[in-house]
> 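Dumping the structure here so I can ask a few things about it.
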Protein chains: 2
Amino acid sequence: MTSEQLLNKKVEELKEACKKHGMRVTPQRIEIFKEVAKSCKHPDAEAVYEAVKHKMPNVSVDTVYRTLASLEELNMIFRVDNQLPKARFDADLRPHSHFICVQCNEVYDIFLESDEKIQIPKNASSFGEIKDINIQIRGICNKCLKNSTK
Amino acid sequence: MTSEQLLNKKVEELKEACKKHGMRVTPQRIEIFKEVAKSCKHPDAEAVYEAVKHKMPNVSVDTVYRTLASLEELNMIFRVDNQLPKARFDADLRPHSHFICVQCNEVYDIFLESDEKIQIPKNASSFGEIKDINIQIRGICNKCLKNSTK
DNA sequence: TTCCTTAATAAGAATTATTACTAATTATAG
DNA sequence: CTATAATTAGTAATAATTCTTATTAAGGAA
């Protein structure tokens, strides 16, 4: 399946999710979702706004923030846990972790190998009902390492 | 060792770290650090400010933010990865994870049992140089679960 | 001890990210 | 076709954090 087809499939999922929750399928919603879904950059709200503006010059900042929030409620996207001032979004729902570069703030996806499995700490469930688990690895990415040795 | 003694020990560590890095030991630094170190609440900057104000009524918001940042540089405290608008701080340097309640935003420490070990995803190091790893479990804490069934 | 350099602080203004509001307009989905 | 959810534009509010400038005080030197 090409990335184009994969994206279309995700858009279809979004449409269904909207209908299921009595939300209208609007071009803005589609575009904003596609922007997050097609990027591996884990964009922030501003980046999404800038990108969507190319296709829809009239889109408003407000719509982007509102839409990102509703896509999150639909569980079509989620926020990446980070220590940065801006929220970063991810539309890849497969369980995975993130490598966050402390220098350039780039966020990379880390997928586990087939024989690996995310380990939930034994006594985690003693604190309450678990919804999800997030793992971030912080460090300096290869790109930044390369630049600093120049 | 009492918690009082433990706190004093940590303060001594801070003083040494300051000297080592050519940073002055100021009452504000001590107080702000103690406030984070003695709490298990993972306070945000505002909470630290409010608490410190009781002892030092003239302390400024700015000093709290600046000091928290420099304590972080000294590796005496760190930020808890979260999706909340406010940064939360932790002075417990022992490796541990966090349970974050999505309802009340409380942050609980999760320590691994002696036979457990944090698993770093195999291909994490392929992205760059790893500095640290963070695990958050998101869910609804026992307190909130109890309140919602009432 | 006193002096001196300069790091650190206080106070409040400024900035940044995000959210909210208004009212008029658009366009989805039944 | 129609009811109304969603959007736009523009502005305002808010919340978290950072900057600016004058002042203070830590800690080394005399």
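Lettering of chains follows the sequences in order, A, B, ..., and the numbering in each one begins at 1.
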> Can you name the closest pair of heavy atoms from A/Val11 and A/Lys34 and give their distance?
CG2-CG, 3.5 Å
> Between P on D/dA25 and CD on B/Glu31, what's the gap in Å once rounded to a whole number?
16 Å
> In whole angstroms, how far is the C1' atom of D/dT17 from the CZ atom of B/Phe89?
10 Å
> Checking B/Tyr108 now: which residues fulfil ring-ring contact (aromatic ring centres under 6.0 Å, His included) with it, not counting sequence neighbours?
A/Phe127
> Atom CZ of B/Arg88 and atom C1' of D/dT17: how far apart are they, to the nearest Å?
17 Å
> Taking the nucleotide of DNA chain D with the closest heavy atom to each, which residue, B/Lys19 or B/Tyr65, is nearer the 5' end?
B/Tyr65
> C/dA8 P sits how many Å from B/Ile32 CD1, rounded?
13 Å
> Taking the six-membered ring for Trp, are B/His96 and B/His42 parallel (under 30°), tilted (30 to 60°) or perpendicular (over 60°)?
tilted
> Counting side-chain heavy atoms from CB outward, which of C/dA29, C/dA17, C/dT19 is closest to A/Glu46?
C/dA17
> Let me know the distance between CD1 of B/Ile30 and P of C/dT9, rounded to the nearest Å.
11 Å
> Could you check how far CG of B/Leu84 sits from P of C/dT19, rounded to whole Å?
12 Å
> So that I can tick it off, tell me whether B/Asp81 and A/Arg138 are bridged by a salt bridge, with the cut-off set at under 4.0 angstrom between side-chain N and carboxylate O.
yes
> Any chance the side chains of A/His98 and A/Asp90 put a donor and an acceptor closer than 3.5 Å?
yes
> Using a strict threshold of under 4.0 Å (side-chain N to carboxylate O), is an ion pair present between A/Glu116 and B/Lys122?
no
> For residues 15-32 of chain B, which side-chain donor-acceptor pairs fall under 3.5 Å, sequence neighbours excluded?
| from | atom 1 | to | atom 2 | distance (Å) |
| --- | --- | --- | --- | --- |
| B/His21 | ND1 | B/Ala17 | O | 2.9 |
| B/Thr26 | OG1 | B/Arg29 | N | 3.1 |
| B/Arg29 | NH1 | B/Arg24 | O | 2.7 |

> So what does A/Ala69 touch, heavy atoms closer than 4.0 Å: a base, only the sugar-phosphate, or nothing?
nothing
> Within the 4.0 Å limit for protein heavy atoms, which parts of nucleotides 2-10 of chain D are touched? Write it as a string from 5' to 3', B for base, S for sugar-phosphate only, - for none.
--BBSSBS-
> Rounded to whole Å, how long is the line connecting atom CD of B/Glu50 with atom P of D/dA16?
12 Å
> Find the distance B/Glu72:CD to D/dT17:C1' and express it as a whole number of Å.
13 Å
